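Convention: sequence-line order gives letters A, B, ...; per-chain numbering from 1. Predicted model, so just to flag it, every value in this text is computed and none were measured.
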Amino acid sequence: MADKPRWFQTTAIDYPNSRPHIGTAFEKVGADVQARYRRMEGYDVFFLMGNDENTVKVSKRAAELGLDPQAYCDDMARQFREVWDALDISYDTFVQTSGERHKQCARTFIQKVYDNGYIYKGSYEGLYCDGCEAFKTEKELENGNCPIHKRPVVRRSEPCHFFKLSAFGDRLLAFYEENPDFIQPESRKNEIVSLIKNDGLLDVNITRRGEAWGIPVPFDPEFTIWVWFDALLTYITGIGYGDDRATFDRYWPADTHFIGKDITRFHCALWPAMLWAAGEQPPRKVFGHGFVNNNGEKIGKTMGNVVDPVEIIARSNSDAYRYYFMRECPFPSDGDYSGQRYEEVYNSELANNLGNLFSREMTITYKNFGGVFAGTAGKTPEPVVPGLDLRAFVETVRGHVEGCRYNLVLQEIVQNFLTPTNQYLESNAPWKLVKTDPEAARRVLFNAVQSLRVASILLKPFIPRSAEAIYTSFNFPKPWAEVKYADAAELAPQPDDLRVTAELIDGKPKPLFPRIG
RNA sequence: GGCGGGGUAGCUCAGUGGUUAGAGCAAUCGCUUCAUAAGCGAUGGGUCGCCGGUUCAAACCCGGCCCCCGCUACCA
């Protein structure tokens with residue numbers, strides 16, 4: 001246990017303004033695939049998620065609903081977790097930033113940054129709307145008026161605290177240089193580098209005055225901590241920063257922060273600077289994934305086209321949901337969801353290819369051999385895909401998983417492994433062969449079943465339930481909980497005769513992916 | 001306005017100088033019938049954004065233009 005490599009990853013901390021949609025879920029599924037893969041490969045994984053609750057918008061929304069902000073946050077957190085659970089997201093902790101522990105640890109952090117001299121008091125000047133009692137950005141204004149109150153805003157300044165972000169520009173550039181993989185994908189890195197080089201970094205106002213909801217600043221309690229500063233801290237307060245140094249030191253620095261491409265700036269510039277200012281190490285990697293569109297249109301509440309993941313799961317199942325988004329939307333880039341495309345991908349790859357392959361192999365075996373491959377104990381299966389170097393194939397897949405190129409992983413498995421297995425069955429036709437040469441037919445099936453074993457192992461991080469159902473339908477020697485990618489790279493003999501262990505009804509397995517549409 | 005990415009078959013994309021431009025899905029046809037009306041095979045389908053240039057040869061290199069996306073500035 002002590003020498004187990006550890007893997008700490010996080011997803012973005014979401015605003016609980018409304019229920020999660022397929023775009024929010026895209027990130028969680030992609031991150032979950034990585035977490036499951038790392039666990040398989042023997043890492044001591046810690047997967048952190050959470051909600052960002054200390055915002056003015058949250059307290060306003062709660063007030064609209066006549067709820068206490070805390071009650072509102074707790075209910076939203078419950079709803080978020082319900083969705084994540086429905087998608088089999090295997091998070092280890094879910095942090096609510098309104099929680100007392102987080103607040104206390106966040107105060108410890110900001111105090112440390114203050115003590116180290118990276119926070120100074122100044123004043124913020126901006127455009128203020130008296131109706132909203134809040135500052136507005138120029139972009140929000142409509143002809144110089146507040147878009148809500150239709151009244152002119154006034155220039156106003158008020159005291160605040162600045163974080164000396166400007167002091168870290170050179171250090172950040174040097175850090176990116178020394179750690180070329182820190183920002184993934186590459187295109188996002190170029191944006192940040194050019195931003196810092198061309199425009200430089202300005203000190204940021206990290207406190208707000210007179211807010212009732214939020215975390216009071218320890219060295220100046222009239223102020224609360226700005227939500228971004230607070231939210232980023234979730235990544236460390238969730239693993240013990242501030243009150244459990246041993247756990248913190250075990251998991252920090254994070255191996256990967258999974259975030260949307262729109263917030264790379266905060267994670268790649270502000271966040272490392274904050275950590276340095278507090279005397280801590282920066283994270284190892286930030287992965288800015290792409291966005292999901294709905295029928296080619298950007299998803300947004302104003303667009304009125306948000307899709308609730310639960311609706312899609314209801315039409316199929318969680319594995320199918322995970323498969324679609326990982327297969328159809330390249331994780332580093334944008335992708336698209338449409339009901340029609342969902343059906344196409346589901347039917348073509350899950351039902352017709354993988355599901356049907358499983359089904360036909362099970363049925364032929366049961367009908368002709370009673371589900372037992374007699375005499376196969378100690379026999380090594382033969383390869384079924386002509387010209388495929390299984391070891392190299394698995395390494396290719398592994399490289400794609402580790403690089404979060406999930407769509408390529410699934411493409412590889414379906415096109416270069418499952419389809420050829422269907423072709424192998426077709427050209428050897430064991431259902432015919434059994435009439436003339438039962439031994440040969442049994443050997444063909446014995447070989448073909450190995451493809452299910454290999455595929456189920458490789459697919460385990462993506463479709464955990466179905467992969468388990470396939471694998472445990474046979475008496476493969478290694479327990480499902482212990483399989484690793486390396487097991488997929490080898491065709492090893494079984495200690496005992498291979499046999500079907502799945503429960504069959506009329507000689508048929510329950511379809512893994514019944515066709516839809 | 002600046003910087004970056006992109007525009008290839010109905011759809012999603014691969015392909016960075018060299019035989020008739022590829023894959024998957026979708027469509028059409030045939031074979032098969034072990035299997036989830038699934039499988040296998042074949043066929044159709046592209047002026048490779050537009051124009052010009054370099055070259056024996058360009059989707060690929062160069063110049064110009066159009067369009068889409070991202071980051072960012074300025075003006076209002």
Side-chain angles (χ1 to χ4, degrees), chain A residues 138-139 141-145 183 185-202 260-266 268-269 288-293 295-298 316 320 324-325 327-330 332-338 340-369 405 407-408 410-416 418-435 441-442 444-445 448-449 452 466 504-517:
Chain A
E138 297 203 5
K139 275 188 177 174
L141 302 182
E142 288 170 3
N143 302 319
N145 289 336
I183 310 173
E186 188 84 19
S187 53
R188 300 265 90 82
K189 172 180 164 181
N190 298 337
E191 288 175 1
I192 298 293
V193 169
S194 71
L195 173 74
I196 297 179
K197 279 191 177 162
N198 299 337
D199 306 327
L201 293 168
L202 298 174
K261 61 181 184 179
D262 54 333
I263 54 175
T264 47
R265 225 177 134 159
F266 295 103
C268 297
H289 63 76
F291 288 155
V292 173
N293 291 321
N295 270 309
E297 286 188 328
K298 195 173 171 170
S316 50
Y324 176 82
F325 287 95
R327 174 69 178 94
E328 194 61 14
C329 306
S333 330
D334 293 352
D336 193 41
Y337 166 80
S338 80
Q340 186 190 340
R341 189 68 190 143
Y342 188 86
E343 278 181 20
E344 283 174 6
V345 171
Y346 177 98
N347 285 333
S348 153
E349 300 194 352
L350 290 177
N352 298 350
N353 201 326
L354 175 61
N356 185 55
L357 175 65
F358 171 73
S359 186
R360 68 198 301 209
E361 287 192 7
M362 296 287 281
T363 309
I364 315 170
T365 305
Y366 179 78
K367 277 190 183 169
N368 297 297
F369 303 104
R405 294 181 295 269
N407 61 318
L408 298 183
L410 300 174
Q411 182 181 314
E412 276 287 332
I413 294 172
V414 171
Q415 291 179 20
N416 299 330
L418 293 175
T419 291
T421 300
N422 271 315
Q423 290 165 339
Y424 173 81
L425 283 180
E426 210 63 38
S427 57
N428 290 285
W431 51 91
K432 281 185 188 165
L433 195 56
V434 72
K435 292 168 191 160
R442 178 152 46 203
V444 166
L445 285 170
V449 162
L452 292 176
S466 315
L504 302 178
I505 299 156
D506 294 332
K508 297 185 175 208
K510 187 174 171 240
L512 292 172
F513 300 102
R515 283 178 59 94
I516 56 174

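- Between the P atoms of C56(B) and C48(B), the separation comes to 23 Å (whole Å).
- Whole-Å rounding puts the K189(A) NZ to C3(B) P distance at 20 Å.
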Show, in sequence, the C-alpha distance, side-chain angles and deciding distance for S316(A) and Y324(A), and conclude whether the side-chain hydrogen bond (donor to acceptor under 3.5 Å, both in side chains) test is met.
CA-CA 11 Å; S316(A) 50; Y324(A) 176 82; over 6 Å; no
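- In this entry the distance linking OH of Y424(A) with P of U32(B) reads 22 Å, nearest Å.
- Residue pairs that meet the salt bridge (charged side-chain N to carboxylate O under 4.0 Å, His left out) test with at least one member in residues 504-513 of chain A, sequence neighbours left out, do not exist here.
- Atom P of G64(B) sits at a distance of 42 Å from the matching atom of C25(B), rounded to the whole Å.
- Every residue two or more places apart in sequence or in another chain that forms a side chain to side chain contact (heavy atoms under 4.5 Å, CB included) with S338(A) is listed here: N295(A), Q340(A), R341(A).
- With sequence neighbours excluded, the residues that form a side chain to side chain contact (heavy atoms under 4.5 Å, CB included) with K197(A) are L173(A), V193(A).
- Taking each heavy atom of A441(A) and L433(A) in turn, the nearest pair found is N-CD2, 3.7 Å.
- On the P atoms, G7(B) is 24 Å away from G45(B), given to the nearest whole Å.
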Side chains of residues 350-358 of chain A: which donor-acceptor pairs under 3.5 Å do they make with residues two or more places apart or in other chains?
residue : atom : partner : partner atom : Å
N352(A) : OD1  : R515(A) : NH1          : 2.9
N352(A) : ND2  : N347(A) : O            : 3.2
N353(A) : OD1  : N422(A) : ND2          : 3.3
N353(A) : ND2  : T419(A) : OG1          : 3.0

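- Looking at heavy-atom distances under 4.0 Å, N190(A) makes no contact with the nucleic acid at all.
- Rounded to the nearest Å, the gap between the C1' atom of G44(B) and that of G22(B) is 16 Å.
- Legend: residues meeting side chain to side chain contact (heavy atoms under 4.5 Å, CB included) with A448(A), ordered by chain and number and at least two apart, are E361(A), Y424(A), L425(A).
- Listed by chain and residue number, Y176(A), I183(A), I196(A), T264(A), R265(A), C268(A) satisfy the side chain to side chain contact (heavy atoms under 4.5 Å, CB included) test with I192(A) (two or more places apart in sequence, or in another chain).
- G5(B) sits 49 Å from G30(B) when the P atoms are compared, rounded to a whole Å.
- For C65(B), the paired base is G49(B) (Watson-Crick or G-U wobble, both distances below 3.5 Å).
- Considering only residues two or more places apart in sequence or on other chains, F291(A) meets the ring pair (Phe, Tyr, Trp, His ring centres under 6.0 Å) condition with none of them.
- Of the C1' atoms belonging to G6(B) and G52(B), the separation is 22 Å, rounded to the nearest Å.
- Across the protein-nucleic acid pair, H289(A) atom NE2 and G70(B) atom C1' stand 15 Å apart, rounded to whole Å.
- Rounded to an integer number of Å, the gap from L410(A) CG to C25(B) P is 15 Å.
- A23(B) is paired with U12(B) under the criterion used here, namely a Watson-Crick or G-U wobble arrangement in which both key atom distances are under 3.5 Å.
- With rounding to whole Å, L418(A) atom CG is found 15 Å from C40(B) atom C1'.
- The nearest whole Å value for the distance from the CG atom in L195(A) to the C1' atom in C3(B) is 11 Å.
- Pairing for A73(B) is absent, judged as Watson-Crick or G-U wobble with the two contacts each under 3.5 Å.
- Here U36(B) sits opposite no nucleotide as a Watson-Crick or G-U wobble pair (both hydrogen-bonding atom distances under 3.5 Å).
- Closest non-hydrogen pair, G296(A) versus D336(A), comes out as N-OD1, 2.7 Å.
- Taking the C1' atom of each, A73(B) and G15(B) are spaced 37 Å apart, rounded to whole Å.
- Spacing between atom OH of Y324(A) and atom P of G24(B) amounts to 19 Å, rounded to whole angstrom units.
- Atom CD of E186(A) and atom P of C3(B) are 19 Å apart (whole Å).
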Base, backbone or nothing for each nucleotide of nucleotides 34-39 of chain B, written B, S, -, heavy atoms under 4.0 angstrom, 5' to 3'?
BBB-SB
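- Across all non-hydrogen atoms, the minimal contact from F513(A) to S466(A) is CZ-OG, 3.1 Å.
- For the P atoms, the distance from C65(B) to A27(B) is 43 Å, rounded to whole Å.
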Got a list of protein N/O to nucleotides 11-16 of chain B N/O distances below 3.5 Å?
none

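- Base pairing of C29(B) is made with G41(B), judged by Watson-Crick or G-U wobble geometry with both donor-acceptor distances under 3.5 Å.
- Of the nucleotides present, none pairs with A59(B) by Watson-Crick or G-U wobble criteria with both distances under 3.5 Å.
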